[in-house]
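Only heavy atoms go into these numbers, but all of them, side chains included; no hydrogens, no water, no symmetry mates.
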Number of protein chains: 2
Amino acid sequence: MSRRLKNAQLHTLDIDTDSATPLHQQLFLALRQAILDGRLKPDTRLPSSRSLAADLKVSRNTVLNAYDQLMAEGYLVSRIGAGSYVSDQLPDDLLQRKGSGSVSGTPKRDIYLSRMAMPFKGKSLQRQYRGLPFSPGLPALEEFPFEDWARLLARHWRRPKREFLVDNPVGGAQILREAIATHLGQTRAVRCHAGQVIVLSGSQQAIHLVVRAFAEPGDAIWMEEPGYPGIRDAIIAAGAAPISVAVDDEGFSLERARKIAPDARLACISPSHQYPLGQTMSLSRRLELLQWAKDNSRFILEDDYDSEYRYAGRPLSSLQGLDDDNRVLYVGTMSKVMFSGLRVGYMVVPEDLVDVFLALRRTIDSHSPAAPEAALADFISEGYLASHIRRMRLLYEQRQLCLLRLLEEKLGGILDVSPQESGMHIVAFLPKSIPDREVEKAAAEQGMLVRALSGFYNLPTDQNGLILGFAGTAEKEMPQLVDKLARIIYSKAE
Amino acid sequence: MSRRLKNAQLHTLDIDTDSATPLHQQLFLALRQAILDGRLKPDTRLPSSRSLAADLKVSRNTVLNAYDQLMAEGYLVSRIGAGSYVSDQLPDDLLQRKGSGSVSGTPKRDIYLSRMAMPFKGKSLQRQYRGLPFSPGLPALEEFPFEDWARLLARHWRRPKREFLVDNPVGGAQILREAIATHLGQTRAVRCHAGQVIVLSGSQQAIHLVVRAFAEPGDAIWMEEPGYPGIRDAIIAAGAAPISVAVDDEGFSLERARKIAPDARLACISPSHQYPLGQTMSLSRRLELLQWAKDNSRFILEDDYDSEYRYAGRPLSSLQGLDDDNRVLYVGTMSKVMFSGLRVGYMVVPEDLVDVFLALRRTIDSHSPAAPEAALADFISEGYLASHIRRMRLLYEQRQLCLLRLLEEKLGGILDVSPQESGMHIVAFLPKSIPDREVEKAAAEQGMLVRALSGFYNLPTDQNGLILGFAGTAEKEMPQLVDKLARIIYSKAE
């Protein structure tokens with residue numbers, strides 16, 4: 001039995017001639033909703049396209065389009081010579097109960113999340129750098145040779161090779177893997193060939209992959225305390241347990257680590273330049289840790305994030321190059337020596353783990369874009385990168401000296417600062433009476449990213465200080481910024 | 001007690017004046033190795049820089065550089081007026097046992113991998129598309145408006161905004177999130193606002209994040225059989241259990257799924273255009289599955305990979321737009337409508353899950369590059385994308401017809417092919433006597449990517465056919481390609 005629809009019912013359809021959504025689409029959505037919420041019942045005959053068009057004051061094509069779509073999606077059926085009917089194949093119990101649907105979501109509902117995802121529920125993201133003054137790791141963007149970079153990019157984009165438009169190899173373009181292998185051999189004493197280099201979208205991806213490759217939910221992973229929050233988050237997101245091991249003047253201590261947790265699947269360390277405190281891991285500690293890995297079939301993640309910049313001599317050699325048992329996963333990034341918006345990092349993995357890491361990478365992100373990789377390979381092999389790093393090393397040395405001088409001048413009595421032999425930031429210790437997080441907050445309100453040292457600790461800490469990036473701030477801007485910072489700190493000291 | 005070193009010992013140092021590695025670096029590495037393997041014992045005095053330079057016929061600066069580096073890294077100590085000595089702080093038991101270190105890795109060793117990584121050990125990667133003829137999902141690259149694209153990119157690269165060089169928001173550039181939300185609302189009846197759109201490096205990243213968010217190791221996840229291998233791999237890499245549910249003419253069946261595994265954390269489906277078979281999920285199946293998710297607090301991953309291309313009318317509406325309980329995670333990609341080398345995909349998530357997904361995304365890949373996102377936002381909002389899709393829809397329709405005609409002509413008696421109402425590939429069924437994997441292999445040797453249908457099945461199957469992408473192959477090239485394919489198939493039929 002078919003029911004004849006009162007046309008009056010369809011006058012309630014919401015059709016807005018000023019909307020960006022085409023009229024036929026609006027009509028389709030409105031009729032669909034009427035069917036779903038039971039106002040238009042199965043087997044109801046719809047008005048003819050001509051009469052509905054007249055009623056709604058739209059063109060007949062608009063109605064025909066909407067009817068076609070409803071038919072294609074199974075809401076309507078057409079009976080030859082008899083017009084369009086609401087399908088009687090729709091499951092009755094699933095209709096009528098439908099609400100109008102809301103974009104804003106049920107405000108409170110139980111959601112079952114995995115225990116890897118659960119710790120991130122309701123936590124707001126840590127503030128991003130966004131290039132604010134004093135951001136640690138922010139390079140001198142204004143000094144980057146963008147004209148050269150744009151020319152190299154354009155070289156590959158102008159008449160893009162077909163291979164740039166389709167899938168890039170999972171491990172990155174071969175020319176870039178070769179350029180990075182050579183660069184790391186020469187500058188970081190890393191021992192590898194191109195096949196061991198996996199190009200990624202950044203060091204975070206490498207950290208994630210290493211943690212996932214070795215740790216199962218519940219497994220212990222040693223990390224430095226204080227340490228890089230991105231490592232902690234990656235461990236938590238794998239369901240594993242980050243074990244914080246306090247560093248000292250010689251960096252990460254195996255002895256201390258074993259006292260806290262006798263065994264770990266992985267040790268995550270920054271031996272060249274501890275993040276954020278800046279120590280270098282001593283040679284005997286390095287040898288000890290390598291021996292531990294060898295004896296226990298464990299692995300070490302070496303986070304080598306900024307050691308290209310060393311002011312007291314050449315960069316220190318990597319831990320990877322000391323490893324004679326292929327136990328080190330070496331992780332590096334172009335974010336510091338170029339800029340983080342480039343999104344290129346890399347890892348160097350032992351030969352017998354290359355296949356696993358390529359496969360794991362493919363499960364999270366098929367591959368990186370090819371054209372920027374080709375441009376980057378040129379940038380490295382044609383010498384632009386080495387020359388940029390040389391220039392920046394001199395510039396950052398000056399910037400650090402300038403910042404130290406200004407801090408001594410304006411805040412000498414309050415802050416305890418030492419010069420850094422390498423890297424892009426200094427640590428300025430505050431008296432206990434001035435909580436670092438309050439300074440961080442007040443500075444953020446004035447457009448500066450001054451990271452609180454205590455925020456890099458996982459466990460409760462007495463450490464109280466500021467991480468001040470100097471590389472990304474021009475000397476001529478520093479006096480004004482240090483003045484602002486001094487006013488904030490003095491206001492808290494009162 | 002200090003031991004005087006016989007200079008003769010140092011004559012064995014390997015210094016190669018033709019190498020790309022600087023001489024001081026070579027000397028540093030050679031001396032370091034001699035210390036590490038015990039040839040140079042703790043407390044040994046090194047020759048003066050002058051005499052070593054003379055012996056090795058290198059400049060004195062070369063030797064001084066190497067000694068400085070060895071000192072900085074803790075291998076040597078300097079005694080004022082008495083020269084350089086091998087440090088006596090080195091842990092004796094860790095020296096001497098060192099081998100020379102090998103780049104090629106211990107050929108066979110036990111490696112403890114997590115159970116997420118283990119399934120990928122020793123498995124070679126599935127062949128990548130690399131733009132070969134018949135690749136499914138390969139678009140008509142030669143038809144893409146690269147001049148417009150290069151101009152939009154250059155607009156943002158020429159004088160890059162500072163914000164493009166530093167950290168992009170984790171969810172993507174706001175302008176792109178807005179452009180995608182509008183585009184999806186208009187073309188796919190997706191209901192969302194920009195804040196629910198998360199821009200990613202591709203749909204694989206979205207699949208990974210959804211699986212990780214809801215599944216723990218051991219949890220069941222329903223997926224389609226046959227289905228997309230990238231989904232299966234993501235499930236396995238999360239340690240979860242992929243439950244293959246055979247599709248039929250109406251697509252994924254909840255009833256069948258529950259018979260195989262009564263409960264699942266997640267259902268991964270391609271309702272608009274089943275991959276690879278091409279069915280559309282029926283309306284009643286859609287409503288059933290949404291009701292299941294609502295009743296059981298479960299979620300649905302909607303993989304909407306190519307439904308912009310529908311030849312029989314407008315694209316079908318998304319499942320997401322039908323969902324009144326915010327249970328659908330909608331996943332899309334720009335790889336098909338633009339090109340996969342772009343590396344842009346996206347997901348649309350319920351409002352109350354945005355924070356979790358942003359945080360999880362940050363643990364695997366901090367953010368995407370900003371400049372291409374800005375260019376893409378322009379490409380969408382200035383109408384280039386819509387117009388490109390319109391042109392390609394007509395072109396692909398022609399290409400499909402051409403391929404069908406040629407297959408009928410050359411292989412009509414052997415292949416069983418039906419036209420597809422949407423998408424970029426057809427399925428050509430083979431007689432059982434001609435195994436599809438053999439055809440795939442022979443075609444690969446001739447430079448064609450003809451995927452075996454049986455390769456998309458997880459369970460043993462009788463299905464035997466070829467997936468033939470038609471979108472990326474020009475009509476004028478098709479006769480020759482189909483000839484080649486016909487020769488391969490006839491040779492197997494003999």
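In this structure, CD1 in B:Ile364 is found 5.5 Å from NE2 in A:His208, a value given to the nearest 0.5 Å. Taken to the nearest 0.5 Å, the NE2 atom of B:His24 stands 3.5 Å off from the CZ atom of A:Arg314. Interatomic distance, OH of A:Tyr112 versus CZ of B:Arg298, reported as 8.0 Å (0.5 Å rounding). We find the CZ-CG distance between B:Arg212 and A:Leu113 to be 12.5 Å, quoted to the nearest 0.5 Å. Atom CD1 of B:Ile111 and atom CG of A:Leu353 lie 4.0 Å apart (nearest 0.5 Å).
Closest approach of B:Asp352 and A:Lys121 over heavy atoms only: O-NZ, 3.0 Å. Closest approach of A:Arg343 and B:Ser368 over heavy atoms only: CG-C, 3.7 Å. When all heavy atoms are compared, the tightest approach of A:Ser366 to B:Gln204 is OG-CB, 3.6 Å. Nearest heavy-atom pair, A:Phe339 versus B:Leu165, reported as atom, atom and distance to 0.1 Å: CB-O, 3.5 Å. The two residues B:Ser114 and A:Ala215 come nearest to each other via the heavy atoms CB-O, 3.6 Å. Taking all atoms of both residues into account, the shortest heavy-atom contact from A:Leu360 to B:Ala117 is CD1-CB, 3.9 Å.
Applying the salt bridge (Lys or Arg N to Asp or Glu O under 4.0 Å) test to B:Glu73 and every residue at least two apart in sequence or in another chain returns nothing.
Highest contact tally toward chain B, considering only A:Arg32, A:Glu288, A:Glu142, is held by A:Arg32 [criterion: heavy-atom pairs under 4.5 Å]. Interface remark: of the candidates B:Glu216, B:Glu147, B:Gln89, B:Arg115, B:Glu216 forms the most heavy-atom pairs closer than 4.5 Å to chain A. Counting heavy-atom pairs closer than 4.5 Å to chain B, the top-ranked of the candidates A:Ala238, A:Ser284, A:Ala312 is A:Ser284. Of all the listed residues (B:Ala150, B:Ala371, B:Ala72, B:Ala213), the one sharing the greatest number of non-hydrogen pairs under 4.5 Å with chain A is B:Ala213. For chain A, the option among B:Pro372, B:Ser340, B:Pro315 with the highest count of heavy-atom pairs below 4.5 Å is B:Ser340. Interface remark: of the candidates B:Phe144, B:Phe214, B:Trp149, B:Phe28, B:Phe214 forms the most heavy-atom pairs closer than 4.5 Å to chain A. Of the listed residues (B:Ile235, B:Thr280, B:Leu153, B:Leu200), the one with the most heavy-atom contacts under 4.5 Å to chain A is B:Leu153. Most heavy-atom pairs under 4.5 Å with chain B: of the set A:Ala154, A:Gly74, A:Ala237, this distinction falls to A:Ala237.
There is no contact between A:Ser282 and chain B, counting heavy-atom distances below 4.5 Å. In this structure, chain B has no heavy atom under 4.5 Å from any part of A:Phe357. In this structure, chain B has heavy atoms under 4.5 Å from both the backbone and the side chain of A:Asp365. Heavy atoms closer than 4.5 Å to chain B are found nowhere in A:Pro139, neither backbone nor side chain. Heavy atoms closer than 4.5 Å to chain A are found in the backbone of B:Ala370, but not in its side chain. With a threshold of 4.5 angstrom between heavy atoms, A:Arg286 does not approach chain B through any atom at all.
With 3.5 Å as the limit, one finds no donor-acceptor pair spanning the side chains of B:Asp233 and A:Thr363.
The shortest side-chain heavy-atom distance between B:Pro229 and A:Arg362 does not fall under the 4.5 Å cut-off. Within the 4.5 Å cutoff, no side-chain heavy atoms of B:Val356 are placed close to those of A:Met118. Using a 4.5 Å cut-off on side-chain heavy atoms (C-beta onward), A:Ser201 and B:Ser201 make no contact. Looking at heavy atoms from C-beta onward, B:Asp355 lies out of side-chain contact with A:Phe120 at the 4.5 angstrom threshold. Proximity of A:Ser317 to B:Gln69: side-chain heavy atoms (C-beta onward) are separated by under 4.5 Å at one or more points.
At most 12 non-hydrogen atoms from other residues, nucleotides or ligands lie less than 6.0 angstrom from CD of A:Glu421.
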